[in-house]
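Here the structure is laid out as structure tokens; the discussion comes afterwards.
In what follows, chains are A, B, ... by sequence order, proteins preceding strands, each numbered from 1.
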There are 2 protein chains.
Amino acid sequence: MAQELTQTGGYNAFSFNHIAERVGIKKPSVIHHYPTKEALGKAVVQRYRETFEAALQSIACDSDKTAFQAFEFYCTPYTDFGASNDKVCLCGALAGEFMALPDDVKKEVKQFFEDHILWLEGILKRGKKAGEFSFKEKPNILAKLILDSLQGALIVKRATGDGDQVHQIIAALKSRLIGN
Amino acid sequence: MAQELTQTGGYNAFSFNHIAERVGIKKPSVIHHYPTKEALGKAVVQRYRETFEAALQSIACDSDKTAFQAFEFYCTPYTDFGASNDKVCLCGALAGEFMALPDDVKKEVKQFFEDHILWLEGILKRGKKAGEFSFKEKPNILAKLILDSLQGALIVKRATGDGDQVHQIIAALKSRLIGN
DNA sequence: GTCTATACAAAGATAGAC
DNA sequence: GTCTATCTTTGTATAGAC
């Protein structure tokens, strides 16, 4: 509930009251579960990050999957967000107002991005070693380029309303990985 | 003043009072110039967009400059934002909280992105025709990829604190344009 | 766990004096 | 153009009953 509101309008656009209305209880009942907005914000990002990362870990450790399949799996949430017309990645939304976030929320967002870069870097190395991928950049830099492109694609796409944009960016990234 | 506050914390993180304090006047004096927050927000984004676009137009029409030089010129504001540790592109910040923005502000942000994609597309076409650039994607799609990468790089970089990231992304984009 | 009631601060906005 | 004073709403948060 808080996650949806944050994905659409950011951290400063939601309140205990908004959550309460959606859940069907009153404001103090929400506060009973999360004593401050910072605690609520942290919990939401933390859950988002951990859910995401558990899925990434399981696919990274699955030796049945090729690096390319792992990359395709990574792209599915971005495709889903891109298919909606009001949602972006939770951390992409929060990053726009980063300096206005409480410290605990900042830390979660930071860790989210860092973990994703590390994961992508691992997949890129694996794919290059296996001969699936061919690229000349350092894996770390290409990982950043992929993450930045996808995050950027989501927020720009939502503003322009260009429904194809996310697909196009993913296709361009894929062809860069296998082609060159 | 409002621009700086918005670049760091987004639309919902600044108020008439914040502006007033920075400028050294009182809240109602600010409201005298911009009767509503929506009007202030619109004026700020509009000025940002028009300043940006005037510079882009002048370089695009300058036949002394190569397409590659025009692209380098395009990247300079991103480099500057990347060199700060708290600022991103104004429209990148606003895009994160897009669904919580007033309509007039939304329109300005949308137009900003659309104009940039068009401008980049023009430069890409010119560079390919002149033999400066070699790429196989459609210019429109590569233009989106460039904009998305740069916008994404700024917001991710600010969250992670990775000072080199924006430079690395720009270098990777350049080598993609001329190399391949 | 959920509620009513309430405190307190901040935000957007207006009226009217100087 | 700028100010003081004021209004209204909203937001975070607490106290205490059920």
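- Distances from the side chain of B/K26 to the nucleotides D/dA13, D/dT12, D/dT4 place D/dT4 closest.
- As judged by a 4.0 angstrom heavy-atom cut-off over every strand, A/I25 is placed among residues touching the sugar-phosphate backbone only.
- Using a 4.0 Å cut-off between a side-chain N of Lys or Arg and a carboxylate O of Asp or Glu, A/E38 and A/K42 do not qualify as a salt bridge.
- Cation-pi geometry between A/K37 and A/F16 is not satisfied (NZ or CZ under 6.0 Å from the ring centre, within 45° of the ring normal).
- Between the NE2 atom of B/H32 and the P atom of D/dT4 there is a distance of 16 Å, given to the nearest Å.
- Within 4.0 Å (heavy atoms only), B/S15 reaches sugar-phosphate atoms of the nucleic acid but no base atom.
- As rounded to whole Å, 11 Å separates atom C1' of D/dC7 from atom NZ of B/K27.
- Using cut-offs of 30° and 60° for the angle between ring planes, the B/F14 and B/Y11 rings count as perpendicular.
- If you measure from atom CD1 of A/I19 to atom C1' of D/dT10, you get 15 Å, rounded to the nearest angstrom.
- When the side chains of ILVMFWY residues are joined at heavy-atom separations under 4.5 Å, either directly or via intervening members, B/Y78 and A/V156 end up in a single hydrophobic cluster.
- When hydrophobic clusters are built by joining Ile, Leu, Val, Met, Phe, Trp and Tyr residues whose side-chain heavy atoms come closer than 4.5 Å, directly or via intermediates, B/L147 is not grouped with B/L118.
- Separating the CG atom of B/N17 from the P atom of D/dT10 is a distance of 19 Å, rounded to the nearest angstrom.
- Rounded to a whole Å, the OH atom of A/Y11 is 10 Å from the C1' atom of D/dT12.
- The separation between A/Y34 atom OH and D/dT14 atom P is 17 Å, rounded to whole Å.
- Using cut-offs of 30° and 60° for the angle between ring planes, the A/Y74 and A/W119 rings count as parallel.
- Of all nucleotides in DNA chain C having an atom under 4.0 Å from a heavy atom of chain B, the first and last in 5' to 3' order are C/dA11 to C/dT14.
- Remark: C1' of D/dT4 and CZ of B/F16 are 18 Å apart, rounded to the nearest angstrom.
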